[in-house]
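Convention: sequence-line order gives letters A, B, ...; per-chain numbering from 1.
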Amino acid sequence: GQQLNQSPQSMFIQEGEDVSMNCTSSSIFNTWLWYKQDPGEGPVLLIALYKAGELTSNGRLTAQFGITRKDSFLNISASIPSDVGIYFCAGREIQGAQKLVFGQGTRLTINP
Amino acid sequence: DVKVTQSSRYLVKRTGEKVFLECVQDMDHENMFWYRQDPGLGLRLIYFSYDVKMKEKGDIPEGYSVSREKKERFSLILESASTNQTSMYLCASSFPSTGGAGGYTFGSGTRLTVV
């Protein structure tokens with residue numbers, strides 16, 4: 001099936017640093033979503049993007065829907081310990097069943 | 001608080017056993033999904049359902065089947081469990097994707113170990 005290329009796969013940072021991760025695809029999507037999975041839990045939706053070029057913020061999180069509709073990035077500013085977890089990007093297929101396609105995930109570890 | 005509830009957080013089963021993973025949602029969602037999550041591979045879709053008694057194969061359906069007899073319940077069945085099915089299993093639900101809106105709501109996951 002379709003896959004998104006998400007990078008980096010893991011990040012080890014100091015508390016207070018900014019974080020950036022991105023997803024790319026060979027296909028066009030009409031929606032990009034970013035999820036966070038806390039240890040031992042299911043993913044939870046952070047940000048949803050519906051238009052090419054859209055830039056959306058949610059507190060310290062900022063995400064953008066690429067103008068080519070084939071990529072998206074997520075930035076986290078001034079990281080704190082509770083930001084630890086796995087972050088997934090997801091794109092919604094335009095054709096067919098319009099399911100979400102997920103990236104491989106970025107595991108974020110923060111050193112206090 | 002809306003929820004997707006998976007019946008077990010942890011399961012240990014023996015090779016060859018028939019295993020049932022249950023998922024219930026209280027949001028009146030039409031769509032339900034089963035994923036497995038493995039390190040470095042992200043979330044891979046096993047099966048999904050857009051309506052009662054309806055099912056469609058995802059990307060990795062081999063060795064699995066599903067049942068959706070009621071709108072709120074979607075069961076994943078491992079017909080004969082094998083060690084390579086040791087994984088985290090995640091259930092999700094959503095409204096139909098009209099207008100491109102709406103993400104999925106996930107359950108907390110079932111970590112299955114097959115020995």
Ring centre gap for B:Tyr104 and A:Tyr35 strictly below 6.0 Å
no

**Request:** Spell out, yes or no, whether B:Leu76 and B:Ile60 are grouped together once hydrophobic residues are joined by side-chain heavy atoms under 4.5 Å, including indirect joins.
**Result:** yes

Heavy-atom neighbours of B:Glu72 CD exceed 12 at 6.0 Å
yes

Quick note, salt bridge (charged side-chain N to carboxylate O under 4.0 Å, His left out) partners involving residues 54-83 of chain A, not counting sequence neighbours, are A:Arg60-A:Asp83

Most heavy-atom pairs under 4.5 Å with chain B, out of A:Gly40, A:Ser10, A:Ala48, belong to A:Gly40

Do B:Phe48 and B:Leu21 sit in one hydrophobic cluster, given that two such residues count as connected whenever their side-chain heavy atoms are within less than 4.5 Å of each other, even indirectly?
no

- Is it possible for you to say whether A:Trp32 and A:Leu61 belong to one hydrophobic cluster, with membership spreading through side-chain heavy-atom contacts below 4.5 Å? yes

Next item on the list: Step through the shown structure and confirm whether more than 12 heavy atoms of other residues, nucleotides or ligands are within 6.0 Å of CG on A:Leu55.
Entry: yes

Bottom line for A:Gln37: the part with an atom under 4.5 Å from chain B's heavy atoms is side chain

Residue from B:Gly107, B:Gly109, B:Ser108 scoring the most non-hydrogen pairs under 4.5 Å with chain A is B:Ser108

For a salt bridge (charged side-chain N to carboxylate O under 4.0 Å, His left out) check, start with the C-alpha distance between B:Glu56 and A:Lys99, then their side-chain angles and the critical distance, and finish with the verdict.
CA-CA 12 Å; B:Glu56 288 197 33; A:Lys99 304 186 304 298; over 6 Å; no

If you tally heavy-atom pairs under 4.5 Å between each of B:Arg44, B:Gln37, B:Met88, B:Arg111 and chain A, the highest tally belongs to B:Gln37

So CZ of A:Phe102 and CG of B:Leu41: to nearest 0.5 Å the spacing works out to 15.0 Å

- Item | Student check: side-chain heavy atoms of B:Leu43 and A:Phe88 closer than 4.5 Å | yes

CG (A:Leu100) and OH (B:Tyr35) are apart, to the nearest 0.5 Å, by 5.5 Å

Scanning both residues in full, the closest heavy-atom pair of A:Pro43 with B:Leu90 reads CD-CD1, 3.9 Å

Bottom line for B:Leu45: the part with an atom under 4.5 Å from chain A's heavy atoms is side chain

